[in-house]
Engineer: 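Can you keep this structure in mind? I'll have questions shortly.
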Amino acid sequence: MSNEPAAIADVAIVGLGPVGATLALLLGQAGLSVVVLEREAEPYTLPRAVHFDDEVMRVLQTIGVADEVLPHTHLSPGMLFVDAAGRRLLDWSRAMNIGPQGWHESYRFHQPDLERILRRKLSTAPSVTVLARRDVFAIDQDPDGATLRFEDLASGQLESVRARYVVGCDGARSLVRRLIGSTSVDLGFHERWLVIDCLLKRDKPELGEHSIQFCEPERPATYVRGVGQRRRWEITAKDSESNAALMEPAKIWQLLSRWITPEDADIERAAVYMFHSVVARKWRHERLLIAGDSAHQTPPFLGQGLCAGIRDASNLAWKLAAVIRGGAPGTLLDSYPSERIPHVTEYIELAVRLGGLINTRAVERALPGASAGDEPVRMSSIKPSLGRGLALSSERPVGTPAPQPRMPDGRLFDDRVGYGFALIARASDAAADDALRRQCQQQGVAFVAADEAGPLQAWLDQAGISAALVRPDRYVLAVAETSADAAGLLTHALRLSPSADRKSCAA
């Protein structure tokens, strides 16, 4: 990580939270020069996000930090929704085995741990420059790029840097979003909640391993089992209660008294948050883009806030590389919001419905088609398709992540194919397979024969297809129904793949 930025960077990122750091690492991995401007000197030391899923872990794998992050996580068995009498209304338990993405479905983590790991990785990225204690106050666009003006908070000097594109990962009060001129779609959830993070002094196994949503109209609450001895409670604030009153230690312990006492735990942090459900209408204006909380905010009931931001970074990174290094048209970047906005909106809408369940016990309204009987409603994690964007069809598996099995050589699929396009094809005759392999090699697309890993063959069979073209963000771009059509998929990769990043296909 160099001390000074290049004269003009390929991409400037405003904000060095997990989303900004992940985006910087992906862009650096694609060979782009990146400068990151961050107002704070060090990561925030107290808990914030506490959950990510298998898809996020897959992105962490891509940037080479998954093995370092894993020891700092705790596998989550899922979430239960219970009423005031303790009756289960909804059971959202997660499988505890490794799933199709090559990772477990649900992880608990401590955000400062993740941020330290990401920053250490950034320090080894030769094409990424991090400038801390810089407060960006203006961005001026022109036909060739953008100039970011900022204050060095250590010296008080005013400075500037140029970049071809700017991505705002600068949070809910995003300057970049304001400069884009975006308003937001309000999805209808705005509530004050008191968030309390505790460190247990002694084991409390009766609290349970599941997260629990207490669906009690008088005082809805959430319990979250974190990593190690960390535990979190989120408790709704009443209109009559001021933020200051809620933050009084006596009030906090009164609210926690049904679960723990001061003899059981220390309070690490308590804060009153306004949970929102909004999605920015506009994620791009010429050279400016936004990602993460700058683009959307969600209630926490699905645990998808951080996940959505990491998906933004994964979707955007390879497209910026294709435009900047590969000669793809700038309009490719318009597929970023057109794919991500419908996708993240579906997650937020479900989180809002679950918020309604927590407040009203109305299972039928929260989950259409469900019925509240003697047995709890069973819920599965949703995996919506991307918005139309680059997709040539709306039929699944297009727009969904390809599976990641372990290959015969012991490597996971993503490690085998690298950070680029990959073609998965079922075996045809030997001559046709050799010809397809050669075409892949010429175009820098990794070729994987489906019969190398049983799960890939089963996945193609289930989808009724012969081949699938997988994008660098591991989503399926296009499929072929017959072996004869498989070679035609390569034209889509050739159109979008950064030419300078082409490599020979996997053997």
Side-chain angles (χ1 to χ4, degrees), residues 1-28 30 32-44 115 118-119 122-123 125-184 280-296 309 312-313 316-317 319-321 323-325 330 333-334 336-337:
M1 183 167 61
S2 60
N3 293 324
E4 295 296 334
I8 180 167
D10 289 322
V11 179
I13 298 171
V14 183
L16 189 59
V19 175
T22 299
L23 178 60
L25 287 166
L26 287 168
L27 293 171
L32 272 61
S33 61
V34 183
V35 58
V36 187
L37 299 118
E38 165 57 42
R39 194 178 192 284
E40 304 301 327
E42 299 292 337
Y44 188 63
E115 293 203 43
L118 291 172
R119 291 197 183 200
L122 279 170
S123 70
S127 65
V128 179
T129 299
V130 174
L131 299 177
R133 299 289 288 148
R134 267 64 169 195
D135 186 19
V136 178
F137 60 82
I139 305 173
D140 303 310
Q141 297 193 72
D142 57 65
D144 299 319
T147 300
L148 297 90
R149 289 182 283 155
F150 57 90
E151 179 185 358
D152 182 334
L153 297 178
S155 67
Q157 290 186 328
L158 300 183
E159 302 176 4
S160 65
V161 67
R162 279 187 56 75
R164 291 180 173 84
Y165 288 91
V166 178
V167 184
C169 300
D170 48 342
R173 293 184 291 274
S174 169
L175 168 68
V176 181
R177 185 184 65 243
R178 295 200 303 271
L179 293 175
I180 286 174
S182 178
T183 58
S184 296
R281 286 186 168 90
K282 192 175 181 181
W283 291 28
R284 180 196 178 200
H285 176 60
E286 297 175 354
R287 301 278 173 168
L288 305 185
L289 303 106
I290 52 175
D293 286 352
S294 303
H296 43 74
D312 295 343
L316 179 57
K319 295 174 180 177
L320 281 167
V323 170
I324 294 170
R325 295 191 57 206
L333 299 177
D334 292 332
Y336 163 61

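The chain is numbered in sequence order, starting from 1. Note that the structure is a prediction, hence the values are computed from the model and not measured.
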Engineer: May I have the step-by-step check of side chain to side chain contact (heavy atoms under 4.5 Å, CB included) for Thr147 and Val161, ending in yes or no?
Structural biologist: CA-CA 6 Å; Thr147 300; Val161 67; over 6 Å; no
Engineer: Go through the steps to decide whether Asp10 and Tyr165 satisfy the test side chain to side chain contact (heavy atoms under 4.5 Å, CB included), and finish with yes or no.
Structural biologist: CA-CA 6 Å; Asp10 289 322; Tyr165 288 91; over 6 Å; no
Engineer: Does a side-chain heavy-atom distance below 4.5 Å link Ile13 with Leu16?
Structural biologist: no
Engineer: Within a radius of less than 6.0 Å around CD of Glu159, do more than 12 heavy atoms belonging to other residues, nucleotides or ligands occur?
Structural biologist: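 Yes, CD of Glu159 has more than 12 neighbouring heavy atoms, counting only those of other groups under 6.0 Å.
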Engineer: Under the rule for side chain to side chain contact (heavy atoms under 4.5 Å, CB included), what residues qualify as partners of Leu158, not counting sequence neighbours?
Structural biologist: Phe137, Glu151
Engineer: Under the criterion salt bridge (Lys or Arg N to Asp or Glu O under 4.0 Å), I'd like the reasoning laid out for Arg162 against Asp142: C-alpha separation, chi angles, the key distance, then a yes or no.
Structural biologist: CA-CA 11 Å; Arg162 279 187 56 75; Asp142 57 65; 2.9 Å; yes
Engineer: If you measure from CD1 on Ile8 to CZ on Arg164, what distance do you get to the nearest 0.5 Å?
Structural biologist: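 Between Ile8 CD1 and Arg164 CZ, I get 5.0 Å after rounding to 0.5 Å.
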Engineer: Just so I know, are the side chains of Trp283 and Leu289 near enough to count as touching, which here means a heavy-atom distance under 4.5 Å?
Structural biologist: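 No, side chains not in contact.
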Engineer: Verify side chain to side chain donor-acceptor pair (under 3.5 Å) between Thr183 and Arg281, making sure each step is shown before the conclusion.
Structural biologist: CA-CA 6 Å; Thr183 58; Arg281 286 186 168 90; 3.1 Å; yes
Engineer: Is the closest side-chain heavy-atom distance between Ile180 and Arg284 below 4.5 Å?
Structural biologist: no
Engineer: So Arg134 and Asp152, do their side chains get closer than 4.5 Å, heavy atoms only?
Structural biologist: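 Counting from C-beta outward, Asp152 and Arg134 do come under 4.5 Å.
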Engineer: Apply the side-chain contact (heavy atoms from CB on, under 4.5 Å) test between Val14 and each candidate in Ile290, Leu175, Val167, Leu148; give the one that qualifies.
Structural biologist: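 When Ile290, Leu175, Val167, Leu148 are each tested with Val14, the side-chain contact (heavy atoms from CB on, under 4.5 Å) holds only for Leu148.
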Engineer: For a 4.5 angstrom cut-off between non-hydrogen side-chain atoms, does Phe150 reach Asp135?
Structural biologist: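 No; the side chains remain at least 4.5 Å from each other.
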Engineer: Does any non-hydrogen side-chain atom of His285 lie less than 4.5 Å from one of Arg177?
Structural biologist: no
Engineer: Within the structure provided, determine whether Leu131 and Val36 are in side-chain contact (heavy-atom separation under 4.5 Å).
Structural biologist: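 Answer no - side chains too far apart.
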Engineer: The test is side chain to side chain contact (heavy atoms under 4.5 Å, CB included); show your working for Ile139 and Arg149 and say whether it passes.
Structural biologist: CA-CA 6 Å; Ile139 305 173; Arg149 289 182 283 155; over 6 Å; no
Engineer: Does the side chain of Leu25 come within less than 4.5 Å of Leu118's, by heavy atoms?
Structural biologist: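 Yes, at least one pair of side-chain atoms sits under 4.5 Å.
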Engineer: Search all heavy atoms of Ala317 against all heavy atoms of Leu27 and return the closest pair with its distance.
Structural biologist: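 Smallest heavy-atom distance, with atoms named: O-CD2, 3.6 Å.
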